[in-house]
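Following: one structure in C-alpha cells, then a few remarks.
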Amino acid sequence: MKKLFAEFFGTYWLVFGGCGSALYAAGIPDLGIGFAGVALAFGLTVLTMAYAVGHISGGHFNPAVSLGLWAGGRFPAKDLVPYIISQLVGGVAAAGTLYLIASGKEGFAIDATQAGAFASNGYDNLSPMGYSMQSAFIAEFVLTMFFLLIILGATDKFANSGFAGVAIGLGLTLIHLISIPITNTSVNPARSTSQALFTGGEYIPQLWLFWAAPILGAIAAGFVYKNLLQKKEE
C-alpha cells in the first residue's frame with residue numbers, strides 16, 4: 001500500500017504543479033512564466049517527487065512509465081493495474097483541486113472549444129498551434145520513447161543513480177519545451193485524463209491518442225533498451 005500511496009501523491013504533485021503552473025502563472029501579463037516556466041514546473045515536479053518517494057515506489061507517476069519499465073524487464077506485470085489506478089486517482093484528485101481553486105476567481109469558466117483549455121491536451125483545433133492528429137501522435141510517441149530511454153538509462157544499475165532524478169526531471173522539462181505548442185504535452189495518460197475529465201467537450205474523444213501514443217512509445221523504449229542498449233553482466 002505504501003507504494004500505491006507514493007504513486008498517488010507523486011502523480012498528484014505532477015498534475016497539480018505542472019498543470020497548476022499553466023493555469024495560474026503562465027499567462028499573467030509581464031510577470032507570467034510562459035511556456036518555458038510551465039516546462040520547468042513539470043520537470044521540477046518529477047525531480048522533487050523522485051527524491052521524495054522514488055525510493056518507495058520507484059517514482060513512476062505515469063502509466064506509460066510503468067508499462068515501459070515492464071517492457072524493459074524492470075517492473076512486474078502483477079503490479080501494473082494497481083499502479084495505474086493509483087496514478088489515475090492521483091491525477092484526477094489534483095485536477096479537482098485545481099478546479100476548486102480556479103473556481104474561486106470571478107468569471108472562471110472552462111471553454112472546451114479553446115485549445116489548451118484547463119491545461120488539457122489536444123490535436124487539430126485543440127492543439128495550441130493547430131497541429132494535426134498525425135503530428136500529435138508522432139510527437140507523443142517519440143518524446144515518450146526518449147523519456148523512457150532516459151529513465152531506463154539513468155536508473156540502470158551501472159549508472160550513477162544518485163543523479164537519476166535530475167536527469168529525468170530535466171528530460172521532462174526538455175520534452176515540454178519541444179511539445180507544448182504541439183499537444184500541450186502529455187507523455188502521460190494520467191495527466192491527460194485528469195484534465196480532460198474536467199474540460200469535457202471534444203477533449204474526451206481525443207483522449208485515446210494520449211493513451212495510445214505514450215504507451216506505445218514507452219513499450220518500444222523498454223524493448224529497445226533491454227535488447228540494444230542495456231549492458232550485460234560480464
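For the side-chain hydrogen bond (donor to acceptor under 3.5 Å, both in side chains) condition, the pairs that include at least one residue of residues 43-55, sequence neighbours left out, are W13-T48. The list of ring pair (Phe, Tyr, Trp, His ring centres under 6.0 Å) pairs with a residue in residues 94-115, not counting sequence neighbours, reads Y99-F108, Y99-F198. A salt bridge (charged side-chain N to carboxylate O under 4.0 Å, His left out) check over residues 102-129, counting only residues at least two apart or in different chains, returns nothing. Among pairs with a residue in residues 163-185, none fulfils salt bridge (charged side-chain N to carboxylate O under 4.0 Å, His left out), at least two apart in sequence or across chains. Residues in residues 1-14 take part in no salt bridge (charged side-chain N to carboxylate O under 4.0 Å, His left out) pair, two or more places apart or across chains. Residue pairs meeting the ring pair (Phe, Tyr, Trp, His ring centres under 6.0 Å) criterion with at least one partner in residues 125-153, sequence neighbours excluded, do not occur; the list is empty. Within the structure, every pair that satisfies the side-chain hydrogen bond (donor to acceptor under 3.5 Å, both in side chains) test and touches residues 203-220, not counting sequence neighbours, is listed here: Y123-W208, T193-W211. Applying the salt bridge (charged side-chain N to carboxylate O under 4.0 Å, His left out) test to residues at least two apart or on different chains, the pairs with a partner in residues 57-85 are R74-D156. Sequence neighbours left out, not one pair with a member in residues 166-176 passes side-chain hydrogen bond (donor to acceptor under 3.5 Å, both in side chains).
Atom OG of S192 and atom CG of N184 lie 9.0 Å apart (nearest 0.5 Å). Distance check, rounded to the nearest 0.5 Å: CD1 of I175 to OG1 of T144 gives 7.0 Å.
By the 4.5 Å heavy-atom criterion applied to side chains, I150 and L170 are not counted as neighbours. The side-chain heavy atoms of P189 and N62, taken from C-beta on, include a pair separated by under 4.5 Å.
For S194, the side-chain hydrogen bond (donor to acceptor under 3.5 Å, both in side chains) test picks out no residue, with sequence neighbours left out. Residues passing the ring-ring contact (aromatic ring centres under 6.0 Å, His included) test with H60 are F75, Y83, sequence neighbours excluded.
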Show me the side-chain donor-acceptor pairs of residues 17-31 shorter than 3.5 Å, one per line, residues at least two apart or across chains.
{"from": "S21", "atom 1": "OG", "to": "G17", "atom 2": "O", "distance (Å)": "3.4"}
{"from": "S21", "atom 1": "OG", "to": "G18", "atom 2": "O", "distance (Å)": "2.6"}
{"from": "Y24", "atom 1": "OH", "to": "L98", "atom 2": "O", "distance (Å)": "2.8"}

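Cluster membership check: V224 shares its hydrophobic cluster with I215, using side-chain heavy-atom separations under 4.5 Å among Ile, Leu, Val, Met, Phe, Trp and Tyr.
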